[in-house]
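Bear in mind that the values here come from a model prediction, so they are computed numbers and not experimental data. Letters go in sequence order (proteins before strands), and every chain restarts at 1.
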2 protein chains.
Amino acid sequence: MERMGKGESTKAAILEEATELASLVGLGGLTIGTLAAATRLSKSGLYAHFASKEALQVQVLQYARDRFTDVVLRPTVAAPRGEPRVREFFERWITWQSTAFDGGCIFVDAASEFDDQEGPVRDELVRAERDKLESLTLIVGTAVSEGHFRDDVDPEQFAYELEGIILAHHHARRLMRDGRAEERARRAFDRLVDSCRAAARTA
Amino acid sequence: MERMGKGESTKAAILEEATELASLVGLGGLTIGTLAAATRLSKSGLYAHFASKEALQVQVLQYARDRFTDVVLRPTVAAPRGEPRVREFFERWITWQSTAFDGGCIFVDAASEFDDQEGPVRDELVRAERDKLESLTLIVGTAVSEGHFRDDVDPEQFAYELEGIILAHHHARRLMRDGRAEERARRAFDRLVDSCRAAARTA
DNA sequence: TCCATAAAAGCACGATCGTTCGGCCCTGAC
DNA sequence: GTCAGGGCCGAACGATCGTGCTTTTATGGA
């Protein structure tokens, strides 16, 4: 049966709050003290749930990754194979960036923070990112094999460029506070898809 | 005449080292203690050159901005107007990202770190970024008015998408350690330019 | 209801944080 | 030769950091 014990439920609440906080101040800026205050726990009471701060950071990333899988990845594969599924992925991804956490997407924040700091946090981050890229590459590959995209489309290159659009969106929206960030992202995406689409009945 | 006094020269050395360090651990992760150790100064001796840590952070950004102007912006306008100048900008920008500092581009790092933290650091960062975007927009606008790019090309949209390519490159190179990051960026850039180019003698 | 166990708190530790202050050294002007 | 001032240091401050202990409180099965 194994319903969730008290410990597990508070730990989940901690991770929820920690992820929110980390999206605002960064994974490195996250502090046991402030997190304890935010969850109304004592420092030691909170700390008891984790082996170290580093472990907490890793588990925050894992928590965020599960969320991403739930609200982006899994629903996406419900869309019809090929281009529609690519579109669905993009739409859900960009919505995720705006709505998942108060601060920006935690993966984007953490990426530039930990790209030079060897260790388990970086490793987990790379794992999450590689996973995401792999899923995207697969989905684009399907669009090719379905005949929606041209044969010479390189799914990895597509994934690279789509990631770029998402990053530009994050940058424009969060730092520059550009109200047209999302519109711009959509236009860029449309251009990208257009350039990959098989010519509609040319012969 | 005003040659550089002792104080100014050590301050310059501090900013140099600080920028390097900040590119590795982030502007927020930058610490008076570690910076003092890196410059072989005492904490207080170093601190005497700045009003506060926040002031130091701002001046680091200003220092990096000057460097960017010197090695990217200024040489770029030496290239012939129009598409060649756009190309020059891209090439210099991407080289900057790989070679300017040991850690990634400090603006990229700082952008996701301070996008949610109101204050002078964020303000300076936005100023620098707006400057960069404006220059780029102008250069692309010239490519349009020179007839290299089609009339319906939106320079701001171009700038947005180019920023995306740069960010994707940073992400792929530094976090994912993708050896083909630069090649991918170049392909994306070529595709972007191609889609903007005026059709070569159609009539 | 009692008790074993889990969960949270309390307290303290060494270290480091940003910041301040008083004083020593060195240089250049008189 | 003296004196003013800039440049740098040593020491120290209160606060907070991550991390251990020991103790109290809450929980749930017998």
Atom pairs and distances, side-chain donor-acceptor, residues 22-31 of chain B, under 3.5 Å, sequence neighbours left out:
from    : atom 1 : to       : atom 2 : distance (Å)
B/Ser23 : OG     : B/Glu20  : O      : 2.7
B/Ser23 : OG     : B/Gly103 : N      : 2.9

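- With a 6.0 Å cutoff to the six-membered ring centre and a 45° limit on the axis angle, A/Lys132 counts as a cation-pi contact of A/Phe107.
- Here the P atom of nucleotide D/dG18 and the CG atom of A/Leu41 are 15 Å apart, to the nearest Å.
- Residues in residues 43-59 of chain B take part in no salt bridge (charged side-chain N to carboxylate O under 4.0 Å, His left out) pair, two or more places apart or across chains.
- For residues 147-156 of chain B, the side chain to side chain donor-acceptor pair (under 3.5 Å) pairs, not counting sequence neighbours, are A/Arg184-B/Glu156, B/Arg150-B/Asp152.
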Considering only nitrogen or oxygen atoms on both sides, find all protein atoms under 3.5 Å from nucleotides 24-26 of chain C and state each distance.
none

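- Listed by residue number, the members of residues 13-27 of chain B with any heavy atom below 4.0 angstrom from DNA chain D form an empty set.
- The side chain of A/Ile32 approaches D/dG18 more closely than any other nucleotide in the set D/dG18, C/dG18, D/dC8.
- Judged as a ring pair (Phe, Tyr, Trp, His ring centres under 6.0 Å), and not counting sequence neighbours, B/Tyr47 has no contacts.
- Under the ring pair (Phe, Tyr, Trp, His ring centres under 6.0 Å) criterion, A/Phe158 pairs with A/Phe149, sequence neighbours left out.
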All N/O pairs under 3.5 Å across the protein-nucleotides 23-29 of chain D interface:
none

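- Using a 4.0 Å heavy-atom criterion, one finds that A/Leu30 contacts the sugar-phosphate atoms exclusively.
- Under the side-chain hydrogen bond (donor to acceptor under 3.5 Å, both in side chains) criterion, B/Glu161 pairs with A/Arg191, B/Gln157, sequence neighbours left out.
- Between A/Arg127 and A/Glu124, at least one side-chain nitrogen of the basic residue sits less than 4.0 Å from a carboxylate oxygen of the acidic one, meeting the salt-bridge criterion.
- Near DNA chain D, meaning a heavy atom under 4.0 Å from it, residues 42-50 of chain A has A/Lys43, A/Ser44, A/Tyr47 in order of number.
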Can you give each donor-acceptor pair under 3.5 Å made by side-chain atoms of residues 71-84 of chain B, sequence neighbours left out, with the distance rounded to 0.1 Å?
from    : atom 1 : to       : atom 2 : distance (Å)
B/Arg74 : NH2    : B/Asp70  : OD1    : 2.6
B/Thr76 : OG1    : B/Val72  : O      : 2.6
B/Arg81 : NE     : B/Glu146 : OE2    : 3.2
B/Arg81 : NH2    : B/Glu146 : OE2    : 3.4
B/Glu83 : OE1    : B/Arg197 : NH1    : 3.0
B/Glu83 : OE2    : B/Arg87  : NH1    : 3.0
B/Glu83 : OE2    : B/Arg197 : NH1    : 2.7

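- The pair A/Arg40-A/Glu17 does not count as a salt bridge, with every side-chain nitrogen at least 4.0 angstrom from each carboxylate oxygen.
- Scored by the side-chain hydrogen bond (donor to acceptor under 3.5 Å, both in side chains) test, B/Glu183 finds no partners at all (sequence neighbours excluded).
- B/Asp115 has no carboxylate O lying under 4.0 Å from a charged side-chain N of A/Arg173, or vice versa, which leaves the two without a salt bridge.
- Among the nucleotides D/dG18, D/dC9, C/dC17, the one closest to any side-chain atom of B/Thr31 is C/dC17.
- With hydrogens and angles disregarded, a donor-acceptor distance shorter than 3.5 Å links the side chain of A/Tyr160 to the backbone of B/His169.
- Nearest to the side chain of B/Lys53, among D/dC17, C/dA8, C/dG18, sits C/dG18.
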